[in-house]
There are 2 protein chains.
Amino acid sequence: MNEARRPTIKDVAQHAGVSVGTVSHVLNETINVSAELRQRVEAATRALGYEQNMLAHALRRQRAPVVGLSMPHVASAYLAALIDLFEDIAAGRGYQVMQVLTRRDPEIELRRVRELLRHRVAGLLLVPTLDPRRTLDLIHESRTPAVLVDRPADDPRFDQVTFDNRRVMHQLATELIRLGHRRILFVVQSQMLIISRQRIEALRAAAAQIRRPVKIAILEIGDDAASYADRLLQVMQRPAHPTAVIVSNSTIAALTLSALQTMAGAYPDRISLVSFEEPEWAELISPRLSVIRQPIRDIARQAWQLLLRRMQGDPIPVEHLELHATVMLRESVRKPPPRGRDAGP
Amino acid sequence: MNEARRPTIKDVAQHAGVSVGTVSHVLNETINVSAELRQRVEAATRALGYEQNMLAHALRRQRAPVVGLSMPHVASAYLAALIDLFEDIAAGRGYQVMQVLTRRDPEIELRRVRELLRHRVAGLLLVPTLDPRRTLDLIHESRTPAVLVDRPADDPRFDQVTFDNRRVMHQLATELIRLGHRRILFVVQSQMLIISRQRIEALRAAAAQIRRPVKIAILEIGDDAASYADRLLQVMQRPAHPTAVIVSNSTIAALTLSALQTMAGAYPDRISLVSFEEPEWAELISPRLSVIRQPIRDIARQAWQLLLRRMQGDPIPVEHLELHATVMLRESVRKPPPRGRDAGP
DNA sequence: TTGAAAGCGGTACCAG
DNA sequence: CTGGTACCGCTTTCAA
């Protein structure tokens with residue numbers, strides 16, 4: 001039973017009447033091969049349907065043309081977009097993406113990244129968990145190039161690309177306050193996240209900056225998403241309810257929108273809404289949803305750029321990039337109703 | 001400059017005072033090794049911080065413990081969930097996931113899958129494009145086990161796991177008609193998709209099944225998502241507007257919901273809504289959104305099961321599984337207003 | 001410029 | 001059950 005074995009570089013060499021070294025060189029463009037031989041080799045690869053074995057290639061080269069991508073999950077529009085961009089860039093550069101999910105658990109992160117390292121990935125793109133220390137130690141020990149993305153871990157051993165959470169929240173809050181909002185509600189998934197903490201901090205700082213008192217309320221969704229709408233409405237139906245709501249991601253935005261729309265006349269007239277993540281439908285609904293536009297394309301590009309330089313062995317110093325996010329105020333944000341009128345019709 | 005080289009299996013063998021063969025056997029549990037030697041080996045791997053080189057492993061074994069995952073994109077909740085499930089199952093079985101995105105383009109699909117094949121993935125999970133023929137030929141030629149997921153390609157050479165689009169749409173339509181709906185609007189992204197065609201077909205079939213005339217309208221979003229809300233409202237404001245709207249995915253559901261809610265008193269009293277994809281917020285909004293619950297967990301599990309069997313070389317005949325989706329009618333669906341009243345105030 | 005040959009780090013066969 | 005060793009397919013040095 002002579003099953004058509006996959007052709008190897010030897011078969012190609014034989015077919016083309018050259019040595020395997022020559023074939024390898026035309027395959028990888030390692031050195032200049034005469035036009036004639038190159039043609040013969042290319043003809044042979046086509047004739048035989050030869051496909052380079054990247055395992056052997058990588059074993060010999062001591063690294064696979066593969067980057068590992070580690071992130072908490074894929075459910076958010078933001079992370080999905082990140083995957084999309086990374087995949088696209090990688091494909092263009094001849095790299096494959098090996099992806100693992102940490103499910104926000106540092107232990108899982110450690111185990112999964114270890115697997116990636118076993119596969120001798122050339123580099124690592126990491127959206128770290130809350131406590132990535134052991135994982136980072138492991139990576140550092142293995143001398144594998146890595147770039148931290150989105151969640152700041154502030155490790156001096158690794159490049160990092162994030163965006164200015166604090167700054168953009170400060171900007172947003174300042175803008176809302178300028179419009180006249182004095183009671184602002186910020187809805188977060190979890191207060192534990194570094195990102196949430198940074199944003200809350202910036203929100204409070206912005207509020208403290210003006211003379212008039214601005215009240216900041218935080219609503220944490222936590223594990224009980226089902227009761228969120230009720231909890232929100234409860235808050236919004238109080239006499240001195242918030243006049244502006246900031247939500248931290250697209251899912252919460254959808255829920256909030258739906259809840260607010262059940263309160264006749266409330267949204268967007270009496271209550272403004274801004275989302276920190278940009279849902280794909282933000283500009284498609286009416287009134288158009290105000291959002292923070294995260295520089296996600298730039299984050300992906302820069303992260304890749306840094307990683308590429310490390311993979312090429314550039315001895316550049318560690319960089320911590322912080323990109324700018326943009327406040328996009330649209331019709332979902334208005335001036336609050338005149339003071340004193342909030343309480344009743 | 002003697003940079004601490006990564007320890008190899010030889011180092012471990014030497015450190016443990018055994019042969020490399022023995023080390024390999026305890027690593028892979030290939031044969032039974034005496035407890036004492038196993039302990040010595042394990043101690044040595046720990047002492048040296050040894051990490052098995054999967055490239056060498058895979059090269060020798062002629063296949064990497066890696067499955068390739070090819071899908072059109074990652075933007076939909078459905079596909080994201082699939083990735084999530086596959087990653088989880090794979091991790092549990094000691095496999096890594098190498099992921100490529102086809103962006104709905106058969107050419108890209110072909111190129112990207114070819115890359116996967118070069119990496120000698122042990123198996124392939126494929127959410128195919130509209131025309132995957134050349135890709136499937138390539139895969140078949142390479143004798144790589146593969147399972148088609150979600151989009152039916154009906155290729156007799158490959159296992160396939162889908163769900164019964166036609167059946168569930170038929171069921172849904174029948175139910176809506178039973179409730180009294182006589183004008184149903186189905187909103188799709190593109191009529192080109194096999195899935196869309198199947199659903200439309202089933203919808204029409206269900207409508208044709210009863211004596212009373214049922215009007216079916218199709219609204220295609222196409223590339224111009226921005227104008228969708230307007231187009232929808234235009235349809236819904238006609239005198240004999242549809243009383244039930246079925247949308248084909250979560251994004252469209254969000255848009256539709258938002259648009260309908262701008263028509264005072266329309267939703268859900270005069271207009272019912274059902275989504276073919278289940279957004280995470282479906283049960284969190286009020287009224288709760290009716291959805292088709294796709295058996296996504298089962299799809300992932302079954303696809304993996306089939307793939308695993310093929311990867312183990314089981315000579316089972318090709319299977320085409322069609323799993324059942326479930327109609328989940330909730331408060332977003334009501335009886336339509338009494339006949340004759342639609343047109344008036 | 002081209003060819004020969006030595007490994008990359010494992011696995012698995014074979015002999016003991 | 002254990003150890004020695006050929007070899008997986010490719011890259012790369014070295015000599016011609």
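Since this is a predicted model, take the numbers as computed values, not measurements. Each chain gets a letter, A, B and so on, in the order the sequences are listed, and its residues count up from 1.
Enclosure of atom CD in A:Gln14 is not indicated, since only 12 or fewer non-hydrogen atoms of other residues, nucleotides or ligands lie within 6.0 angstrom. Under a cut-off of 6.0 angstrom, the local environment of CD in B:Gln312 is crowded, with over 12 non-hydrogen atoms contributed by other residues, nucleotides or ligands.
For the side-chain hydrogen bond (donor to acceptor under 3.5 Å, both in side chains) criterion with B:Glu36, the lone passing option out of B:Gln39, B:Arg40, B:Arg38 is B:Arg40. A side-chain hydrogen bond (donor to acceptor under 3.5 Å, both in side chains) with B:Arg118 holds for exactly one of A:Glu51, A:His57, A:Gln52; it is A:Glu51.
B:Glu322 has its side chain out of reach of B:Pro152: every pair of non-hydrogen atoms, C-beta onward, lies at least 4.5 Å apart. Annotation: side chain of B:Val67 is in contact with side chain of B:Met311 (closest heavy-atom distance under 4.5 Å).
In summary, the side chains of B:Gln160 and B:Asp155 do not present any donor paired with an acceptor at a separation below 3.5 Å, with no hydrogens or angles considered.
Using a cutoff of 4.0 Å between basic side-chain nitrogens and carboxylate oxygens, B:Glu107 and B:Arg134 are scored as salt-bridged. Classification of A:Arg157 and A:Glu141 as a salt-bridged pair fails, no side-chain N sitting under 4.0 Å from a carboxylate O.
With a cutoff of under 4.0 Å to any heavy atom of chain B, the contacted region of DNA chain C is bounded 5' to 3' by C:dG9 to C:dA12.
Between A:Glu87 atom CD and A:Gln99 atom CD the span is 10.0 Å, to the nearest 0.5 Å.
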- Nucleotide by nucleotide, nucleotides 6-16 of chain D touches protein heavy atoms under 4.0 Å in the pattern (B base, S sugar-phosphate only, - none) BBBBBBB----
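The terminal axes of the helix from C:dT1-D:dA16 to C:dG16-D:dC1, fitted over 5 pairs per end, subtend an angle of 40° to the nearest 10°.
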